Amino acid sequence: MDIIEEAKNYIQELFKNNYGGHDADHTMHVYHNALMIARKEQCDMEIVCLAALLHDADDHKLFHTVNNANARRFLENNGVDPEKTEKIIEAVNSVSFSQNRGKKPSTIEGKIVQDADRLDAIGAIGIARTFAYGGEKGRSLEETLKHFDEKLLLLKDEMNTETAKRLAEVRHEFMLSFLEEYNKETR
Ligand code: NI
């Protein structure tokens, strides 16, 4: 089995008890978004794929690992050399929204995976994940709605690649019409 298939199996196992929108499905969306973006860019496809699949393997909201221990263990067990491992880890670490405010990833692979993750935070899937996460944290709908202004409506302007900018535009418009309808129904 090739390493990409191994990574897909690994994340299924790793996220098997997660449902709040940070789960194996989210990782697979990010992987597919990353493939779609990467086709239009000059990049190392293997780094993009592995960074996308491992991007939440050490997410601090889910795991108490340090120094990307889960991702590193997977890469080491699958014979990835140290130099490539560092490039994958660098791309993984450029994804987090909270830890990278205003910073652009320095590599194209990092830019692609960051865009891929942010696309899954907006549009219809973004709305679904936001309310699932809010519910998991015991927040009311009104409280959860604040997350749109604080983060989701800002993401469109933070995309790195042309492909992601185009996709983000459509998802952004969808969120605006959702919010408009929600406000109409609840005032
Ligand atoms: Ni993610």
Side-chain angles (χ1 to χ4, degrees), residues 4 7-38 43 46-75 87-137 139 144 147-148 150-161 163-165 167-168 171-172 174-175:
I4 305 298
K8 289 179 191 170
N9 291 341
Y10 175 67
I11 59 125
Q12 290 297 338
E13 186 60 27
L14 194 63
F15 292 108
K16 68 173 184 245
N17 297 316
N18 292 102
Y19 307 100
H22 282 94
D23 52 15
D25 285 348
H26 162 64
T27 289
M28 289 308 292
H29 299 158
V30 173
Y31 171 68
H32 289 296
N33 290 343
L35 282 180
M36 196 159 49
I37 298 167
C43 61
E46 193 175 47
I47 292 176
V48 168
C49 289
L50 289 172
L53 288 169
L54 295 170
H55 85 279
D56 271 344
D58 295 280
D59 187 298
H60 65 94
K61 291 189 282 305
L62 306 174
F63 307 106
H64 301 283
T65 52
V66 286
N67 193 26
N68 306 88
N70 286 339
R72 285 181 188 280
R73 186 168 356 93
F74 172 83
L75 295 169
K87 289 183 179 161
I88 294 165
I89 297 296
E90 192 190 339
V92 164
N93 287 343
S94 62
V95 172
S96 163
F97 182 77
S98 55
Q99 290 166 42
N100 292 288
R101 271 326 308 263
K103 270 191 272 167
K104 293 271 181 205
S106 56
T107 64
I108 183 63
E109 291 80 11
K111 288 179 177 148
I112 291 168
V113 181
Q114 187 185 67
D115 281 358
D117 188 53
R118 290 176 175 184
L119 280 173
D120 207 49
I122 60 177
I125 180 67
I127 295 169
R129 291 180 65 217
T130 299
F131 285 102
Y133 188 70
E136 202 179 58
K137 293 279 156 189
R139 294 181 190 137
T144 301
H147 194 59
F148 284 85
E150 286 162 4
K151 173 176 171 184
L152 304 189
L153 295 174
L154 309 177
L155 289 177
K156 166 179 78 73
D157 294 325
E158 300 203 14
M159 296 294 168
N160 304 297
T161 63
T163 307
K165 282 178 191 163
L167 295 168
R171 295 183 183 211
H172 186 82
F174 185 82
M175 289 194 295

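Just follow the structure's listing: the first ligand is 1, and inside any ligand the first atom is 1. Predicted, not measured: the structure shown is a model, and the values here were computed from it. FYI, side chains are in, hydrogens and waters are out, and symmetry mates aren't considered; it's all heavy atoms of this structure.
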*Determine, step by step, whether Asp120 and Asn33 satisfy the side-chain hydrogen bond (donor to acceptor under 3.5 Å, both in side chains) criterion, reporting the C-alpha distance in whole Å, the side-chain angles of both residues, the deciding distance to 0.1 Å, and the verdict.*
CA-CA 8 Å; Asp120 207 49; Asn33 290 343; 4.6 Å; no
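- For Asp115 (side chain) and Met159 (main-chain N/O), no donor-acceptor pair under 3.5 Å exists by modelled atom type.
- Glu109 places no side-chain N or O within donor-acceptor distance of the main-chain N or O of Ala91, the cut-off being under 3.5 Å.
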_If you apply the rule ring-ring contact (aromatic ring centres under 6.0 Å, His included), what do you find for Phe63 with Phe15, and how did you get there?_
CA-CA 10 Å; Phe63 307 106; Phe15 292 108; 5.8 Å; yes
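- Atom CZ of Phe131 has more than 12 heavy atoms from other residues, nucleotides or ligands within 6.0 Å.
- Protein atoms that are N, O or S and lie under 2.8 Å from the Ni ion (ligand 1) are these: His26 NE2, His55 NE2, Asp56 OD2, Asp117 OD1.
- The backbone N or O of Ile89 lies less than 3.5 Å from no partner atom in the side chain of Asn68, so there is not a single donor-acceptor pair.
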